Amino acid sequence: MKPSYYLSMALVLLLIFGTNNLQGQSNKAKTGKATAKKATAPSYTPGRDADFLQYTNSRWVDSVMKTLTPEERIAQLISIPVYSNKNQAHIDSISNIVKTYKVGGMIFFQGGPVRQAKMTNRYQQESKVPLMISIDGEWGLAMRLDSTIRFPYQMALGGIDNERLIYEMGAEIARQCQRLGVHVNFAPTVDINNNANNPVIGFRSFGEDKYNVASKSLAYMKGMQDNRVLASAKHFPGHGDTNVDSHYGLPLINFSRIRLDSTELHPFRALMDKGLGSVMVAHMNIPVLDNTPNLASTLSKPIVTDLLKNELNYKGLVFTDALNMQGVAKFYPPGVVDVKALVAGNDVMLNTMDVKTTIQEVKKAIANKEITQAEIDARVRKVLAAKQWVGLDKWEPIETKNLIADLNNPHAQYLNRQLTEASLTLLRNKNHILPIQTLDTLKVAALAIGTTKETSFQRDLARYTQVDTFFLKPTNSIEELQAMKEKLKDYNLIIAGVHALQLKAGSSNFGITAEMNLFLKELIRNKKTIVSVFGNVYSLAEMESLNKADAVIAAYQENAVTQDLVSQMIFGGIGATGKLPVTVSNSFKIGDGLLTHGGVRLAYSMPEAVGIKSQDLAGIDSLVHQAIREEAAPGAQVLVAKDGKVIYHRAFGFHTYDKEQPVRVDDLYDLASVTKISTSMAALMRLKGEGRFDENQTLGTYLPMAAGTNKADLNYRDILTHQARLKSWIPFWKETVKKNGNFKWRTFKADSSARFPIKVADNLYIHRKYADKIYKEILESPLNEKPGYVYSDLSFILAPKVVENITGVGFETYLQNSIYKPLGATTLTFNPYKDYPLSRIVPTEFEPHFRKQLLHGTVHDEGAAMLGGLSGHAGLFGNSNDVAKLMQLYLNDGQYANKRYIAENVVKDYSKCQFCEQGNYRALGFDRPAKPGAPNSNAAPSAPVESFGHSGFTGTYTWVDPVNNLVYVFLSNRVNPTRENNKLSKLNTRTGVLQVVYDAMGKSKEKQPAKASVN
């Protein structure tokens, strides 16, 4: 071609590119400023390349570049390690490095968020150029920081089908990073863990399938980067098939280039094609790529420059792995190793341990033409562009107020629960043992293997039924194992949790001992056994005969959330959906995972699970604390369940005002008149469904002793709506007291005997036939002269005799066998002192007139006490959780856990208003809103007319709302120390708390999930 053609093309190119290039070429720095040309920015392809690359020639980057000396430009490529759990000397030493050498960034390790925030603010203010703050937070900030949320390990996430959850996790981790002033999170780990003995990756990988790893990693990456936090795919070119931990040595990778291309590089390519912000290069010796002996990939130009940057055309930031790891540090001293990493092609040297020497060594490398100033400048521009992209061009100090609360926000907590739930993997389910169907035929032992302390798993299992706890140390002797076998012989179901396992693969078999194996093998052979493994999923291969267990659950890790959710899966609160992301053994292979359905029994979750915001329920705490502060009650339990999920369950205050015994959520309260709907009505509704009871019949029909009395013809519909003209109550105890205040000799004795066997209170026993006198007094009592509504206990005192006459079975026996035990409501009981320690039972009144003592473990109501604690109007004890199970049964119109206890439509009919047109708003046995919407009503103002429940004299209350699929339980002992205290009613605490729930439902702008019911 003619010379004129080349001249024309040169002019065109000059016009297109000349301005940017000529500006930098002609500017000579003054007073030691950089004299190199302005490096040409890499081309930027939207969608494919890292988004920050669009800023490499921005005004801000240009302006910063002009201020930097050659040394300061080198320093921008240095990131130093910082700890927020170290002393002031460390804090000050970092400050000195920042001010002296103008380093570009830092990586924070162990410590706490508030301490880190304060340090970050100090260093940012001291830094000439805003610092790029990074952290190694693969499972969130909790990987390094206390007081933060620990999301599931990547191995757990590898089995999740719903990758939107992983995206949301990435987004939430990014929001938390931003709140803490962190700009780069060294995650996700895209290593394909195809070596079960990998000691450094393992549980940190999404699994062994390259497509799954790529897909999950991409979701995580996009979640972070869509929220302006730089992701970092690691450990290039793939650390999944190693048996050496590069923290302690240099792994040798001896597979082929074909294998590397087809497997290890696949997820890196997938993320790079979607705008991956950064890559971290591993410390591995890979002869097929660079056969230099003992040379880590981090320091290899053929790997970092030729493969990563040129062949794969990766333009984002390239970080070294930590340069103080023995994979490189054992071969080269600080400073030397850094310059070798820089010359190899890395952009940022991570964990530089000697900043001064590193800068000197880089300057030597430039002088020796191992690297040019232009190459340094190009990398600095990338670093500055990334800083601008994350917002450091407009840096503001981190606000430390509410920092912990913000990092532990309810959305993040609920997301963590969703991720964990979706990951749980059911690997065996012999004869569909899970979810457990029948409870009343089971005697359950919860065995903790590997620990001697009560576990969260054991406590959580006890929410569903009675479980007895046992413990097996990893190193039990043969004699101890035999003794444990003897202890478990009477149990027909063993739920074993394997705890305290080691996370990393190694010679210790994850902590599975020969003793543990021996016992598990024997246990599985002889008992129905459910095994839940709370640890690295590869540990399953170390447990002999695990494939013969009745059920096996892989939980991947041990924390309170996993244990909570596994317990729910076992009993059907939630379902199982996870799949194994790796092959563990011939019995447990990649893709294995059985499905079960949840919603069988109550689940335990958060308000966010039903579209309510946790903060909108904060008023519950305020109201209960106010009641305690004003001494309306010394303590309380509150439970709210919606759509079959317990979304709020807390205990407040103490058993008494001496503040010695805090209230626990599983403590038992005297339910007082809540007994009526929990015992008498439960029995009568069940019998109604069986055709053995009819509310249109009379009392005399079911109670022969009523024959010939004025009660015989009382209609049961009138009785149950309190308009049968029965007297309100009878003070039976007064008939037992003489004028001098002593008891009549045929009524009570201080000690039990054959004639006085029935305990009324401590050191007080009543005559064995005195109950007959009470029944007779009721039946002989006059009726009220005027018809109409008068609330009365009397018919409910007679109810046990009615039930016994119909069934031929004792009242309590009938309730326990027909309803409570099958429901798993095992704390619903009369006379709890017989089965529970007093520390679990909340005392009621110090009663000065009749029993003259603090009532603790025996019923508060005088009449019920004189009947030996067993009556249909009062006497039942229980905790809020078990009351909720019964109320959920009512909400489900008589069905729970796939079993029908009460015939269809019976509860619906009984809970309807019977005589509203006459001004009696009660249902059959149940209370209903007397005046819907009234602020001082017996119901919350927003409670719909269809709702129903009951209150109790001791300070109890429960309410069922079928319109909003809601169950509410409030338990307190407001009568402590005296029944004269009526502040709880004056404050409207019980109904006020429920109104908070209605208000929260109204405030929620989130779409409510589809109406669901536990059945």
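Keep in mind that what you see is a predicted model, and the values were worked out from it rather than measured.
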Between [X] and [Y]: side-chain donor-acceptor atoms closer than 3.5 Å:
| X | Y | value |
| --- | --- | --- |
| Asn212 | Lys216 | yes |
| Ser297 | His283 | no |
| Asn197 | Asn243 | no |
| Ser58 | Gln388 | yes |
| Gln154 | Ser205 | no |
| Gln373 | Lys363 | no |
| Asp51 | Tyr44 | yes |
| Asn294 | Tyr332 | no |

Lys234: which of Asp191, Asp321, Asp136 passes salt bridge (charged side-chain N to carboxylate O under 4.0 Å, His left out): Asp136
Which residues pass the ring-ring contact (aromatic ring centres under 6.0 Å, His included) test with Tyr556, sequence neighbours left out? none
Decide yes or no for [X] and [Y]: does some side-chain heavy atom of the first lie under 4.5 Å from some side-chain heavy atom of the second?
| X | Y | result |
| --- | --- | --- |
| Asn193 | Glu208 | no |
| Val64 | Val61 | no |
| Pro81 | Met106 | no |
| Asp338 | Val362 | no |
| Lys589 | Val584 | no |

His183 and Lys387: CA distance, side-chain angles, deciding distance, side-chain contact (heavy atoms from CB on, under 4.5 Å) verdict: CA-CA 8 Å; His183 314 111; Lys387 289 184 177 185; over 6 Å; no
Given Leu295, which partner from the list Leu250, Ile286, Asp290 fulfils the side chain to side chain contact (heavy atoms under 4.5 Å, CB included) test? Asp290
For this output row, return yes or no: ring centroids of Tyr55 and Trp389 closer than 6.0 angstrom. no
is_close_aromatic(Phe186, Phe319), centroid dist under 6.0 Å: yes
Can we say Asp241 and Arg259 salt-bridge, meaning some charged N sits less than 4.0 Å from an Asp/Glu carboxylate O? yes
Would a distance-only check, ignoring hydrogens and angles, find a side-chain to backbone donor-acceptor pair under 3.5 Å from Glu542 to Ser539? no
Backbone N or O of His90 within a donor-acceptor pair of the Ser93 side chain at under 3.5 Å? yes
Where do Phe151 and Trp139 land on the ring pair (Phe, Tyr, Trp, His ring centres under 6.0 Å) test, with the steps shown first? CA-CA 5 Å; Phe151 290 100; Trp139 48 89; over 10 Å; no
